[in-house]
Each structure stands twice: as C-alpha cells, then as structure tokens.
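We use all heavy atoms of the structure for the numbers below, so side chains are in, but hydrogens, waters and symmetry mates are not. What you are looking at is a predicted structure, and each value in this text was computed from that prediction instead of being measured.
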Amino acid sequence: MQAWQVHELGEPGEVMRLAEVTRPTPGEGQVLLTVRAANINFPDALMCRGQYQVRPPLPFTPGVEICGETEDGRRVIANPALPYGGFAQYAVADAATLLPAPEALDDAEAAALHIGYQTGWFGLHRRARLEAGETLLVHAAAGGVGSAAVQLGKAAGATVIGVAGGAEKAAVARALGCDVVIDRREQDVVAAVKEATGGRGADVIYDPVGGEAYAQSAKAVAFEGRIVVVGFASGSIPSPALNHALVKNYAVLGLHWGLYNTKNPELVRHCHEQLTDLAARGAIKPLVSERVPLAGAAEAVQRVADGVTTGRVAVLPAPENGAAS
C-alpha cells in the first residue's frame, strides 16, 4: 500500500515521503481500516516537527483523524493508532473508539467532524457553559478549529464575533454565519469587540491561537466571562496575569480534548450523538475547502502549518488495486 512516512523531524513539506509499505497488522483490540478520507489537523504538522505532546517512533505516518471503512463495510470516524496514521490507504485504530460516520456528511466532511467539533463542543458546553443569548468571540474563525466553534456557537443561540486575518478569511468567517467579523489586520480587535458589545465585552472567548490573541482576549472579555484556551497555533504560549483575572472577574479554562478519551469516554460518545443530530438538522457542516489526492498530502500539511488555508483540507486516498501488499 501507499503511505506517507516521516523518517526525520522537520517541516512537513520536507520530511514527509510517500512510499510503498506493508499494510499494517492490527494489534489486540484494534481493527484495520480502509482510509476513505483523512482530515489534516495542525497537530499533524507539530508531530512532523517533533513539537507535539504525542511523539510516535520514527518512521511514522501522520494523520490523526479519518473517515474509514471496516472490513465488514461500516463507515466510521476514527483517530488512527500511531505510528499507522491516516495519510495512507490503510490505517489501524482501536475498535472501542470507533464512531459511526453521520449519514448526512460525505467522507471528507465526516473525517473533519471529529477533533475540531468535539473540541468545540467540549470547550463551549462542558467548560465554558455557553448559554443562548451570550456573546461568543472566536479567534481564527475561518480556520479548521475556529470554523467549528462558530457553527456550534450559532447552533447554541449565541451571538458570534469572528476574528480573522485578511479579507479572504474575513469573507469565509462571514459566510460561516458570524454576526460580526473583525479583520485583525485592519482593525483594533479589542476596540471592535467593545463597540460590537456596547462596551461590555464577550461572555465566552474561544482561543486556539495564543500569543497576541490571548492578550486581546483578556482585554475584551466581559465581567464573569470565560476564556477557553484550546491551543497555540501562533507558536507563542502566553503567561496570563492572574491578578488581572481577579480584578475583572473572569475565568481562564484549559481544554485538552484528548484527555476525555481516557478520563470520560462515554462523554465523547454523547458528544458525537449531539454532533450527529446537529449535522442531520443542517445546523453544522464541516467547511472542507480542499480535497487533495494522497500524492498531495505533504504539500497540503505544509500549507495548514503555514496558516494559509481556510476550513479543513481533506486527503482522499485512492483505493488500493489488487491483493494486499
């Protein structure tokens, strides 16, 4: 079979190599999946660089989120068990963690439903307790993680303010349903949030960026607001001033969604049921901006790493011909 492999750490476009390799053999409690679509996530790039909290042994195949097909023909969503990731014709996953792919979504959309939307749902509902009528501010609103939060916020009845970088991404955020869009390259984010909220600020702020975005969040958060820290796509990890949180009465909430898979897996399944229902009703639909063949995966991962994509980019491996390799 064909699979992308990383033999040394570095930039994805330089260290990912497409190769003919032996089809992986599932271990105990695992299943072999035909990869129908693999969604590119920022952690895939971090893993190539050796900067992610999970460091699979070299060589490994990146790709942490797929829509796959079981040997008995079921279409499922899975997080592949590394080092046999999703940028390949076949991947391996733990059988107990498989989730049914929603019928309302095609393969690429289903592959993009899991991590970003689960993170959004847990961040907004489990951690921040977002309520209908509140104002939600989403940083990087046109990106893969941000676009999911925008849709989930709208589905929850919130007023959504999206922050994006540049006119093209601002247009994407607007099309996703943001009530207010702020172009951080052209506008003062804090001033724009205050103007949009009558000086009150945002009740919930969803931040997958860190760095300057977090500094803006601390200034734009409302009384008794909640800042949900999801990641640090900017590469800069902020050091929050806790005295500031004290005098403004706001909360800083961390979210590492992956922990729920071991700490409370039933909640992950409950979340998937909620997401499947929202997809069936048309309330959410992953924004898949590009669908690339397997041969284009390395270049696509690099573009995601560089922050020049919108929504999600899906890799679509062609089925393997002939007998098993």
Side-chain angles (χ1 to χ4, degrees), residues 6 8-16 39-56 58 60 62-65 82 85 87 112 115-116 119-120 123 127 137-150 162-166 168-170 172-173 182-190 193 205-221 227-242 244-245 252-259 289-290 297-313:
V6 174
E8 59 183 4
L9 302 178
E11 287 301 303
E14 298 173 2
V15 300
M16 288 177 61
N39 175 48
I40 299 175
N41 285 267
F42 195 65
D44 293 317
L46 293 178
M47 221 173 289
C48 289
R49 295 169 175 165
Q51 296 174 345
Y52 195 56
Q53 55 258 39
V54 177
R55 298 192 178 189
L58 297 170
F60 67 88
V64 296
E65 181 177 42
L82 300 174
F87 301 145
I115 297 174
T119 300
R127 303 294 285 131
L137 172 65
V138 179
H139 288 286
V145 174
S147 61
V150 168
V163 179
E168 181 184 350
K169 291 189 176 184
V172 171
I182 301 169
D183 184 346
R184 60 177 173 80
R185 295 181 183 173
E186 302 291 336
Q187 298 170 266
D188 181 316
V189 173
V190 176
V193 173
I205 300 180
Y206 192 79
D207 181 12
V209 179
E212 178 61 23
Y214 179 84
Q216 295 164 348
S217 298
K219 295 176 182 176
V221 67
I227 301 174
V228 185
V229 178
V230 183
F232 312 105
S234 67
S236 175
I237 300 176
S239 299
L242 295 185
H244 192 255
V252 180
L253 304 168
L255 175 63
H256 177 193
W257 169 74
L259 286 176
S289 59
E290 296 179 62
E299 189 265 341
V301 174
Q302 186 63 57
R303 285 189 291 113
V304 170
D306 294 340
V308 297
T309 59
T310 57
R312 291 297 193 185
V313 179

Specify the closest pair of heavy atoms between [X] and [Y], including all atoms of both residues, with the distance to one decimal.
X	Y	value
Val228	Gly123	CG2-O, 3.7 Å
Gly166	Asp183	N-OD1, 2.9 Å
Val138	Gly146	CG1-O, 3.6 Å
Arg49	Ala305	NH2-CB, 3.6 Å
Ser236	Pro238	O-CD, 3.4 Å
Ala170	Ala164	N-CB, 3.8 Å

Q: Determine, step by step, whether Arg312 and Asn41 satisfy the side-chain contact (heavy atoms from CB on, under 4.5 Å) criterion, reporting the C-alpha distance in whole Å, the side-chain angles of both residues, the deciding distance to 0.1 Å, and the verdict.
A: CA-CA 8 Å; Arg312 291 297 193 185; Asn41 285 267; 3.4 Å; yes

Do [X] and [Y] touch side chain to side chain, with heavy atoms closer than 4.5 Å?
X	Y	answer
Leu253	Leu255	no
Phe87	Asp44	yes
Val6	Met47	no
Cys48	Glu11	no
Thr119	Tyr206	yes
Phe60	Leu58	yes
Leu137	Val163	yes

Atom [atom1] of [X] and atom [atom2] of [Y]: how far apart are they, to the nearest 0.5 Å?
X	Y	atom1	atom2	value
Ile182	His139	CD1	NE2	8.5 Å
Ser239	Tyr214	OG	OH	10.0 Å
Lys219	Ile205	NZ	CD1	12.5 Å
Ile115	Glu65	CD1	CD	4.0 Å

When you measure from the side chain of [X] to the backbone of [Y], do you find a donor-acceptor pair of N or O atoms at a distance under 3.5 Å?
X	Y	value
Gln302	Ala298	no
Asp207	Val229	no
Thr310	Ala142	no
Arg184	Val189	no

Q) Does Glu168 CD have over 12 foreign heavy atoms under 6.0 Å away? A) no

(Q) Test salt bridge (charged side-chain N to carboxylate O under 4.0 Å, His left out) on Arg303 and Glu290; report intermediate values, then the result. (A) CA-CA 11 Å; Arg303 285 189 291 113; Glu290 296 179 62; 2.8 Å; yes

